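Structure record follows, encoded as C-alpha cells.
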Amino acid sequence: DSDKKMLQRIYGTCFPSQEELDEHLKKIEEAKLRDHRKIGKEMELFTIFDEGPGFPFFHPKGMIIRNILEEFWKKEHVKRGYGEVKTPIILNESLWQQSGHWDHYKENMYFTKIDDLNYAVKPMNCPGAVLLYRRKMYSYRDFPIRFAEMGLVHRHELSGALHGLMRVRCFTQDDAHIFCTPEQVEKEVKKALKFSLYMLRSFGLDKFQAYVSTRPENKSIGDEKDWEMATEVLKKAVISAGLDYKIDEGGGAFYGPKIDIKLYDSLNREWQCSTIQFDFNLPARFNVFYVGQDGKRHTPYMIHRALFGSIERFMALLIEHYKGDFPFWLSPVQFGVVPIREKHNDYAKKIANQLRGQGFRVDLNLDNDNMRNKIKNFQLEKVPYILVVGDREAENNTFVVRSRKDGDLGAMDLSALIEYLKPQIEQGIPKCIFEDF
C-alpha cells in the first residue's frame with residue numbers, strides 16, 4: 001500500500017553445501033568481471049548516454065566488431081541464395097493496423113506524424129518484407145524466396161528493464177523471411193537451423209539447448225492441421241541437427257510455432273539467440289499468393305528467422321563470453337605499438353603503417369608518457385600483441401613482441417611476425433562446412 005510506511009523486500013538463497021555456496025559466489029564475482037558494460041567502457045566499444053537511455057553509441061573499436069559480424073553475415077547469406085533487402089524505419093500506421101501490431105504491440109511502439117498522417121517507427125521488419133513480396137505475383141518456380149535484412153528496429157522498453165546492449169530500445173535484427181511451398185517447408189527449416197548453428201559455432205559458441213514452442217491456448221490463429229504440421233517440422237529439424245530439445249507448451253506466438261536456440265557461455269549462463277518462426281498471420285492478413293503447378297492461387301508458407309538474434313545482444317554475449325579477450329581475428333585492435341622515447345616516434349609510425357598495409361588493425365601510442373604506462377594501457381584494452389621499439393629496434397628494423405597470452409616473444413622483423421601469426425591469420429572465422437546450403 002503506497003500510503004503506508006515503505007518496506008524493503010529481502011531475498012534469501014540457501015545451499016545444501018558450503019561447496020555449492022562457494023561455487024555460486026565465485027560465479028557471481030566472475031560475472032561482474034565479465035560484465036559487458038564494464039568491459040565495453042574499458043575497451044571503448046560503446047557508450048549509452050543519459051541523453052539517450054537504451055540507445056547505444058558505438059565507438060570506432062566497437063564498430064570494428066560490428067562490421068566483422070555484419071560482413072560475415074552478408075557473405076554467408078550470399079552463399080545460401082538469400083537476397084539482401086532494406087526496408088524503411090518509418091511506415092504509415094495503416095500498415096501496422098493491417099499487420100496486427102496495432103492491436104497486439106502498440107504500447108511498445110514509437111509514433112510520429114508526417115503531413116498530418118500518423119506513422120510508426122517499425123518494431124519489426126516482417127511487414128516490410130511482406131510488402132516487398134506482394135509487389136508482384138510469384139510462381140511456384142520462383143520458390144523458395146529468401147529475403148535477408150539487417151534491420152534497425154525500435155521498441156519502447158521500460159527504463160527499469162534496460163541493461164547495456166542486452167536490453168535496448170533500438171537494435172539491429174539479423175532477420176530473414178522465407179516464402180516457400182508446402183513441399184519445401186521442411187527442407188527450408190532444416191537449412192535455416194543448420195545455418196543458425198553454423199553462425200554460432202563460427203564464433204566459438206557450441207553449447208546449445210533447443211526449445212520447440214507450441215500453440216498457445218485461446219490466443220492463436222490458423223488451422224489446427226497447419227499448426228500440427230509446422231510443429232512436427234520443427235521437431236524433425238532439431239533432431240536432424242543432433243540437438244536435444246524441450247517442448248515449451250503454449251509458448252509459441254499467436255501466429256505460429258517456433259524453435260528457440262539458447263546457448264551457454266563460458267559461465268554456463270543461458271542466452272536467447274536464434275529463432276525460427278512460422279507465421280500463419282501475415283500471409284493471410286496481406287493476401288499474399290503464388291501460382292501453383294495447377295495454375296491456381298495458393299498461400300505460401302512464411303518463415304521468420306534470426307541467427308544472432310540482434311547484433312547488439314550478440315556483441316554483448318561475445319564480450320562476456322570472451323571477457324573482452326577476443327580471438328586475434330575478432331580483436332578490434334590487433335597490435336599496439338609503443339615507442340620507448342619520443343625520438344623513436346617516427347620509427348614507431350613506420351612500423352604501424354607497415355602493419356596497416358598488411359591489413360592489420362593497429363593502435364599507435366605517441367602520448368607524452370613513460371613506456372610502462374603505455375604498455376599497461378594496451379594491456380587494459382586487451383590488445384593481443386604489443387610491439388615495443390627503441391634504438392636497437394630502429395637500427396635493426398625490428399621490434400620487441402609481447403604476446404598477451406604467451407608473454408615476451410623477443411625481437412622480430414615484419415616477415416618473422418607474419419610467419420609466427422600465420423596460423424591465427426589463416427584461421428580467421430572458423431569454417432564449418434555442411435553437406436549443402
Side-chain angles (χ1 to χ4, degrees), residues 73-74 76-87 95 98-100 124-149 151 173-196 198 212 215 220-241 252-259 274-307 434-437:
W73 184 91
K74 290 180 181 183
E76 294 300 323
H77 278 76
V78 170
K79 288 181 185 177
R80 290 162 175 78
Y82 285 79
E84 187 179 2
V85 301
K86 181 67 71 177
T87 60
L95 174 75
Q98 186 174 1
S99 70
M124 298 174 187
N125 300 305
C126 335
V130 175
L131 287 184
L132 278 175
Y133 177 92
R134 201 178 62 172
R135 80 196 189 283
K136 60 183 282 189
M137 179 62 77
Y138 287 100
S139 161
Y140 71 95
R141 295 185 181 89
D142 301 314
F143 281 12
I145 292 167
R146 307 182 185 104
F147 292 148
E149 178 175 14
Q173 281 191 314
D174 64 316
D175 250 337
H177 299 93
I178 302 167
F179 300 89
C180 60
T181 67
E183 295 76 23
Q184 296 168 331
V185 68
E186 184 172 330
K187 189 173 183 180
E188 286 302 310
V189 169
K190 286 181 178 178
K191 283 184 177 183
L193 180 56
K194 280 188 175 183
F195 193 5
S196 167
Y198 166 83
V212 176
R215 186 172 193 168
S220 60
I221 66 166
D223 184 83
E224 183 67 35
K225 289 182 179 178
D226 284 337
W227 275 83
E228 290 175 1
M229 180 280 298
T231 304
E232 284 305 309
V233 164
L234 298 179
K235 290 178 183 177
K236 288 180 182 178
V238 293
I239 291 170
S240 69
F254 76 93
Y255 50 81
K258 62 178 178 173
I259 298 172
S274 307
T275 298
I276 300 169
Q277 169 83 61
F278 273 87
D279 191 336
F280 302 126
N281 175 52
L282 292 182
R285 282 181 174 267
F286 284 87
N287 296 315
V288 295
F289 300 102
Y290 69 95
V291 178
Q293 284 181 284
D294 57 3
K296 297 179 180 179
R297 289 185 171 192
H298 299 270
T299 302
Y301 278 99
M302 182 178 179
I303 302 165
H304 303 258
R305 188 238 62 199
L307 304 180
F434 290 119
E435 64 272 15
D436 65 68
F437 291 151

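Here the structure is a predicted model, which is why all the values come from computation and not from measurement.
Distance check, rounded to the nearest 0.5 Å: CE of Met124 to OG1 of Thr87 gives 13.0 Å. Tyr290 contributes atom OH, which lies 13.0 Å from atom CZ of Phe179 (distance to the nearest 0.5 angstrom). Rounding to the nearest 0.5 angstrom, the gap separating the CD1 atom in Ile303 from the NZ atom in Lys258 is 15.5 Å. Note that CG of Leu132 and CD of Glu149 are 8.0 Å apart. Values are rounded to the nearest 0.5 Å. We find the OG1-CD1 distance between Thr275 and Ile259 to be 9.5 Å, quoted to the nearest 0.5 Å. Separating the CD1 atom in Ile276 from the NZ atom in Lys190 is a distance of 12.5 Å, to the nearest 0.5 Å.
For the pair Gln277 (side chain) and Pro257 (backbone), a donor-acceptor distance under 3.5 Å is present. Looking at Ser196, its side chain never comes within 3.5 Å of a backbone N or O of Ala192 through a donor-acceptor pair. At least one donor-acceptor pair under 3.5 Å links the side chain of Arg285 to the backbone N or O of Gln98. A donor-acceptor distance shorter than 3.5 angstrom exists from the side chain of Asp174 to the backbone of Leu307, with no hydrogens or angles considered.
The heavy-atom pair separating Ala237 from Leu193 by the smallest distance is O-CD2, 3.3 Å. For Tyr140 against Gly292, the heavy-atom pair with the smallest separation is CD2-C, 3.4 Å. The heavy-atom pair separating Trp73 from Asp175 by the smallest distance is CZ2-O, 3.8 Å. Closest non-hydrogen pair, Cys126 versus Leu282, comes out as CB-CD1, 3.5 Å.
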For Val291 and Met137, run side chain to side chain contact (heavy atoms under 4.5 Å, CB included): C-alpha distance rounded to whole Å, both residues' side-chain angles, the deciding distance at 0.1 Å, then the answer. CA-CA 7 Å; Val291 178; Met137 179 62 77; 3.8 Å; yes
Working for side chain to side chain contact (heavy atoms under 4.5 Å, CB included), residues Glu186 and Lys236: CA-CA 8 Å; Glu186 184 172 330; Lys236 288 180 182 178; 3.6 Å; yes
Quick one: do Phe278 and Tyr255 satisfy side chain to side chain contact (heavy atoms under 4.5 Å, CB included)? Show the steps, please. CA-CA 7 Å; Phe278 273 87; Tyr255 50 81; over 6 Å; no
Worked check of side chain to side chain contact (heavy atoms under 4.5 Å, CB included) between Met229 and Val185: CA-CA 10 Å; Met229 180 280 298; Val185 68; 4.2 Å; yes
Pair Glu232-Lys235, salt bridge (Lys or Arg N to Asp or Glu O under 4.0 Å): steps then yes or no: CA-CA 5 Å; Glu232 284 305 309; Lys235 290 178 183 177; 3.5 Å; yes
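In this structure, Phe280 and Asp223 have side chains that are not in contact, with every pair of non-hydrogen atoms separated by 4.5 Å or more. With contacts defined as side-chain heavy-atom distances shorter than 4.5 Å, the pair Tyr82/Glu76 does not qualify. Contact check for Phe289 versus Thr299: side-chain heavy atoms found under the 4.5 Å cut-off. Counting heavy atoms from C-beta on, the side chains of Phe286 and Ser99 come closer than 4.5 Å.
Exactly one of Glu188, His177, Glu84 qualifies for a side-chain hydrogen bond (donor to acceptor under 3.5 Å, both in side chains) with Arg146. That residue is Glu188.
Tyr133 and Phe147 have their aromatic ring centers separated by at least 6.0 angstrom.
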